[in-house]
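Quick caveat, the model's predicted, so the values are computed rather than measured.
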Amino acid sequence: MSLYDWILTGKEFVDKNDLSYPFEERGLQFGDGVYEVIRIYEGEYYLIDEHVERLYRSAAAIKIDVPFQKQELYAHLHELLNKNSVRNDATMYLQLTRGSAPRDHAFPLNTEANLYAYVKDFARDTDSLEEGASAITMEDIRWEWCYIKSLNLLPNVLAKQNAKELGAKEAILHKDGMVTEGSSSNIYLVREGKVYTHPATKRILGGCVRMKIEEFCKEADIPFIEEAFRMEDFKGADEVFMTSSTSEVQPLTKVDEVTIGDGRPGPVTRKLQAAYEKDAGITGTAAIFSGE
């Protein structure tokens, strides 16, 4: 993946080869920070408002001040695309930490937050979107405040690596027999034309694409039910899919050893994929499902 040259910091734009932070940086030493990943299609942000709002919510939850007012941040993020002449499908990663200070668990005094954001090319995984993918299941061992998009991702990393080693695209997490979410996605089950997903409590991350799925379902008269489902419900599912800024609306046709439905992406998932493409402005030859 190609990483663009210019990086936004809390003070200025710098070349990617010139950005550095002290080794006593709280994001490095404590995971003391939050982040966002925003999808870009043909040089334009998708769901930027939702991501910026969540960034500020996450920062407030762990008592970090974002070094920009919201409108300033919007302007800088758009300038980041312009300075890099971004025209392709890509992602923007933004990280905010409590700053650099001598290592101590307690918050340092008079320390400025560290912020940086960069862009890299990221093509759509059209094969997987069309054909579906498999997932494994694992116990959810994360902390209780998953609604904060924090840097503390070791359990997620281990789950994703386990999925990769087993040839799966995602690891679906469960706690006390109830499905919560994926290692880097929200998870949905479709039964009798109804979409079920875990309620947006502190136990999951309220995904920006998840919010759009609820909206798409309402527009299409598809019941959207925020109700946690059990692991054994996969056996009776008609469809299963996951969403995130990088996976879009990804059909899951196999979970562990269970084949979902007839083993192919189902009609509800297809309808939501088409709605996603339309909402994201994906048209022409780039559109797979919308018929554009």
Side-chain angles (χ1 to χ4, degrees), residues 1-60 62 64-101 111-126 148-153 156-157 184 205 207-209 244-248 279-284 286:
M1 300 179 191
S2 175
L3 181 66
Y4 289 82
D5 289 334
W6 288 101
I7 293 179
L8 168 67
T9 72
K11 296 180 179 179
E12 59 187 344
F13 287 91
V14 301
D15 185 273
K16 64 185 179 184
N17 297 312
D18 296 331
L19 180 65
S20 64
Y21 289 105
F23 60 86
E24 286 191 305
E25 206 282 332
R26 291 184 66 89
L28 293 172
Q29 296 190 326
F30 294 108
D32 189 1
V34 296
Y35 76 102
E36 284 293 331
V37 177
I38 305 181
R39 197 63 163 96
I40 298 164
Y41 293 110
E42 297 182 359
E44 298 289 338
Y45 289 117
Y46 179 54
L47 303 181
I48 185 172
D49 292 340
E50 290 84 352
H51 283 282
V52 168
E53 289 296 326
R54 188 172 64 184
L55 173 71
Y56 278 83
R57 287 198 304 272
S58 293
I62 63 171
I64 294 180
D65 292 327
V66 182
F68 299 120
Q69 297 297 316
K70 287 182 184 178
Q71 292 307 312
E72 289 181 295
L73 181 58
Y74 279 120
H76 290 314
L77 291 179
H78 285 295
E79 187 177 357
L80 178 64
L81 297 187
N82 292 334
K83 286 184 72 68
N84 284 300
S85 300
V86 180
R87 300 292 181 267
N88 299 332
D89 292 350
T91 58
M92 187 280 292
Y93 178 87
L94 185 154
Q95 179 168 300
L96 173 71
T97 77
R98 201 172 305 279
S100 302
T111 299
E112 294 182 352
N114 288 331
L115 178 148
Y116 67 85
Y118 64 86
V119 179
K120 64 180 179 182
D121 285 334
F122 191 94
R124 302 181 72 201
D125 185 359
T126 54
I148 300 171
K149 199 169 178 67
S150 81
L151 301 180
N152 297 279
L153 294 175
N156 307 65
V157 168
S184 61
L205 180 69
C208 295
V209 179
S244 72
S245 293
T246 52
S247 65
E248 301 184 7
D279 194 69
I282 301 169
T283 60

Interatomic distance, N114 atom CG to R26 atom CZ [nearest 0.5 angstrom]: 11.0 Å
In residues 66-75, what donor-acceptor pairs under 3.5 Å come from side-chain atoms, sequence neighbours left out?
from : atom 1 : to  : atom 2 : distance (Å)
K70  : NZ     : E53 : OE1    : 2.9
K70  : NZ     : E53 : OE2    : 3.0
E72  : OE1    : Q69 : N      : 2.9
Y74  : OH     : D49 : OD1    : 2.8

Residue pair S245 / V37: nearest heavy atoms and the distance that separates them: OG-O, 3.6 Å
Side chains of F13 and K83 in contact at under 4.5 Å (non-hydrogen atoms): yes
D125: partners by side chain to side chain contact (heavy atoms under 4.5 Å, CB included), with sequence neighbours left out: D127, S128, K169
Point-to-point distance, once rounded to the nearest 0.5 Å, from NZ of K16 to CG of L3: 4.5 Å
Within 6.0 angstrom of E44 CD, more than 12 heavy atoms from elsewhere: no
Passing candidate, side chain to side chain contact (heavy atoms under 4.5 Å, CB included) with L96, options L115, D65, I62: L115
From OG (S184) to CG (L153), nearest 0.5 Å: 9.5 Å
From Q95 atom CD to Y118 atom OH, the distance as rounded to the nearest 0.5 Å: 8.0 Å
With L19 via side chain to side chain contact (heavy atoms under 4.5 Å, CB included) - residues at least two apart: I7, T9, V14, Y21, Y116
Check: V34 and I148 side chains under 4.5 Å, non-hydrogen atoms: yes
Heavy-atom donor-acceptor pair, R98 side chain to G33 backbone, under 3.5 Å: no
Salt bridge flag under 4.0 Å for residues E36 and R54: yes
Test: K120 cationic atom under 6.0 Å from Y93 six-membered ring centre, within 45° of axis: no
Flag side-chain contact, heavy atom, 4.5 Å: L94 against L55: yes
4.5 Å side-chain heavy-atom contact, S100 and E24: no
Pairwise distance CG(N84) to CG(D5) - rounded to 0.5 angstrom: 6.5 Å
Donor-acceptor contact present, side-chain D15 to main-chain N17, <3.5 Å: yes
Pairwise side-chain contact, K149 with R57, heavy-atom cut-off 4.5 Å (strictly under): no
Donor-acceptor pair, side chain of S247 and main chain of S244, under 3.5 angstrom: yes
Backbone N/O of L77 and side chain of Y45: donor-acceptor pair under 3.5 Å: yes
Member of T246, D89, N88 meeting the side chain to side chain contact (heavy atoms under 4.5 Å, CB included) criterion with F122: T246
Side chain proximity check, Y46 to D279, heavy atoms < 4.5 angstrom: yes
Close side-chain approach of H78 to I48, heavy-atom, < 4.5 Å: yes
L151 to G27 - nearest heavy-atom pair and separation: CD1-CA, 4.1 Å
Nearest-0.5 Å distance that lies between atom CG in D121 and atom CZ in R87: 12.5 Å
Chi angles and distances behind the side-chain contact (heavy atoms from CB on, under 4.5 Å) call for L80, V119: CA-CA 8 Å; L80 178 64; V119 179; 3.7 Å; yes
Shortest non-hydrogen contact from L28 toward F23: CD1-O, 4.3 Å
Heavy-atom closest pair, residues A90 and R39: O-NH1, 3.1 Å
Salt-bridge present (E248, R124; N to O < 4.0 Å): yes
Student check: side-chain heavy atoms of F30 and T97 closer than 4.5 Å: no
